[in-house]
Amino acid sequence: MKRKNTKQIFVGSVPIGGQAPISVQSMTNTNTKNVQDTVKQIKGLEKAGCDLIRFAVNDLDDAKAIPKIKEQISIPTIADIQFDYRLAIASAKSGIDGLRINPGNIGAKWKVQEVVSACQEFGISIRVGVNSGSLEQKYIDKYKGVTPEAICYSALGEIELLEAMGFTNIKVSLKSSNVNQSIEAYRLFSSLSNYPLHLGITESGRGMQGIVKSSVGLGTLLSEGIGDTLRVSLTDDPIEEIKVGRQILKSLDLLKEGVEIISCPTCARTKIELIPLVEKVEKLLEDKKTPLKVAIMGCVVNGPGEAKEADLGITGGNGTGLIFRKGEIIRRVPEDDLLEALLEEINHYELGE
Ligand code: SF4
C-alpha cells in the first residue's frame with residue numbers, strides 16, 4: 001500500500017510523517033500531578049507498545065509534574081491544553097515534547113504567538129486538534145452545519161494562523177464521533193495539505209462498539225495511505241487503545257511486530273478444544289516482539305492449507321494434533337500436549353534450530 005508522503009515532524013525522538021512508521025499513542029486518565037499513578041500507567045502503556053503519551057495539563061501543578069514524569073519513562077510526552085496559553089508555555093518550559101492545542105480556543109493572537117514562540121525556542125511540535133464538537137461558528141455557518149468541509153477548513157484556518165507566525169512544526173487531527181464524517185474530513189484535508197495526520201475517531205465508545213468504529217474509520221483511511229500516527233479512543237483502560245491500535249496496523253501489514261494468530265472460527269468438524277487453546281497461546285505470546293505467524297486450525301479440511309502460510313501451525317485431529325513448520329508436518333502429538341509442543345517449536349524456530 002502506498003502511503004502519502006507527508007511532511008516529517010518529530011515529537012521528541014519519534015518521527016511522524018514522511019514514511020516514518022505509524023506511531024500509536026494513547027492518553028493517560030490519571031490525575032497528571034499524581035506522578036506515581038501517572039508514571040505507573042505510562043509504564044504499562046510503554047510495555048504494551050505505546051510510542052507517544054499525552055496527558056491533560058489542567059493547571060500549573062500538572063505542568064510542574066512534567067519533569068518528574070519524564071525522568072521515569074522512556075517515550076515522548078504531549079501536553080493536552082484546552083484554553084489557557086500559560087499552561088502551554090509552562091509545559092514547554094518543563095520539557096514537554098509536543099503540545100495538543102486548538103489555536104482557536106487559545107484566544108487572542110498575541111497569546112497564540114507566545115505559545116508559538118515557546119515551541120520555537122524549545123523545538124516542540126504542535127498538534128492542531130480540531131473536533132467536530134467545538135468548531136468555530138463561522139465555519140458552521142459557511143459550510144451549513146458540522147460537515148467534513150467545516151472540520152477540514154477549520155483546521156486549515158488554524159494552520160494559516162500558525163504559518164503566519166513562521167511555525168510549521170505541525171500535525172493535525174480532525175476528529176468526529178461519526179465515522180463517515182471523520183473519513184471524509186481526513187480525505188479532504190489530505191488532498192489539500194501535506195501536514196502529517198493524527199488519526200482518531202473521537203468518543204467512539206466502549207468495548208466492541210468502540211473497537212469496530214475505530215477499526216472501520218482508521219482502517220479505511222490507512223488503507224488509502226492516509227495517516228501518520230493514531231489514537232484509538234475507547235471508554236476503557238488505555239492499554240486496550242494501544243492493543244487495538246497496534247492490531248489495526250498489523251492487520252494492514254503496517255506493523256510487522258509480534259505474533260499474528262490465524263485461527264479458524266470452529267464448526268462441527270472441529271477436532272480439538274480450539275477456543276481455549278487459542279486463548280492460552282494468545283496470552284502466552286502477547287509480549288513477543290519478533291514477527292511470527294501461528295496458525296491454529298480445528299481440522300484437516302483447511303488446517304494444512306492455512307498452516308502452510310504460517311511460520312508454525314497446529315491442526316487438530318481426533319484427540320491428537322499435527323504441528324507444521326512452514327507447511328511441513330514436523331510432529332504429531334496428543335491433544336493434551338499440543339500447547340507445550342507448540343511453545344517448544346516456537347522456541348526452536350526463534351533460535352533458528
Ligand atoms: Fe471447521 Fe476445520 Fe474450518 Fe475449523 S478449519 S472451521 S474445524 S472446517
Side-chain angles (χ1 to χ4, degrees), residues 1 48-49 179 204-220 222-223 232 234 236 239-240 242-353:
M1 157 195 334
V179 175
S204 59
R206 75 174 296 279
M208 190 174 65
Q209 177 192 298
I211 293 171
V212 172
K213 280 178 83 170
S214 293
S215 304
V216 171
L218 273 52
T220 302
L222 290 165
S223 70
V232 171
L234 295 177
D236 210 329
I239 285 185
E240 294 305 308
I242 298 301
K243 286 186 184 167
V244 176
R246 287 172 61 85
Q247 201 55 51
I248 292 172
L249 293 179
K250 277 189 201 174
S251 63
L252 290 168
D253 286 333
L254 289 164
L255 175 67
K256 293 192 172 74
E257 192 186 287
V259 176
E260 181 187 344
I261 294 189
I262 301 160
S263 56
C264 77
T266 72
C267 73
R269 296 190 194 96
T270 311
K271 301 290 186 209
I272 49 172
E273 285 295 326
L274 193 92
I275 297 172
L277 179 63
V278 172
E279 281 171 2
K280 278 184 204 154
V281 173
E282 240 172 32
K283 190 92 207 114
L284 286 165
L285 302 183
E286 72 180 355
D287 290 334
K288 277 212 183 297
K289 293 279 180 270
T290 38
L292 188 72
K293 259 189 196 176
V294 178
I296 307 179
M297 307 297 290
C299 78
V300 291
V301 174
N302 291 324
E306 294 291 347
K308 221 183 272 176
E309 305 296 315
D311 299 309
L312 285 156
I314 294 175
T315 298
N318 278 323
T320 63
L322 300 175
I323 298 190
F324 290 78
R325 178 166 164 162
K326 296 277 186 199
E328 300 285 322
I329 299 176
I330 51 167
R331 278 172 82 175
R332 180 187 290 272
V333 287
E335 182 175 348
D336 287 348
D337 300 340
L338 260 179
L339 179 62
E340 202 179 322
L342 177 67
L343 295 177
E344 270 172 28
E345 293 307 328
I346 288 173
N347 271 340
H348 290 317
Y349 182 84
E350 287 186 320
L351 292 170
E353 293 170 348

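Order of appearance sets the numbers: ligands from 1, and atoms from 1 within every ligand.
With 2.8 Å as the limit, Cys267 does not count as an N, O or S neighbour of atom 4 (Fe) of ligand 1.
Of the possible donor and acceptor atoms, one in the side chain of Ser251 sits under 3.5 Å from a partner among the backbone N and O of Ile248. A donor-acceptor pair under 3.5 Å is absent between the side-chain atoms of Glu282 and the main chain of Ile261, judged by distance alone. A distance-only check finds no donor-acceptor pair linking the side chain of Lys289 to the backbone of Glu257 [under 3.5 Å].
Taking every heavy atom of Arg269 and a limit of under 4.0 angstrom, the matching atoms of ligand 1 come to 7 (S), 8 (S). Within ligand 1, counting atoms from 1 as listed, the ones closer than 4.0 Å to a heavy atom of Gly298 are 4 (Fe), 7 (S). Within ligand 1, counting atoms from 1 as listed, the ones closer than 4.0 Å to a heavy atom of Cys264 are 4 (Fe), 5 (S), 6 (S).
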Can Asp311 and Lys326 be said to form a salt bridge (charged side-chain N to carboxylate O under 4.0 Å, His left out), step by step? CA-CA 5 Å; Asp311 299 309; Lys326 296 277 186 199; 2.7 Å; yes
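Contact annotation for Leu274 and ligand 1: no heavy atom of the residue comes within less than 4.0 Å of the ligand.
The side chain to side chain contact (heavy atoms under 4.5 Å, CB included) test with Tyr349 is passed by exactly one of Leu312, Val294, Thr290: Leu312.
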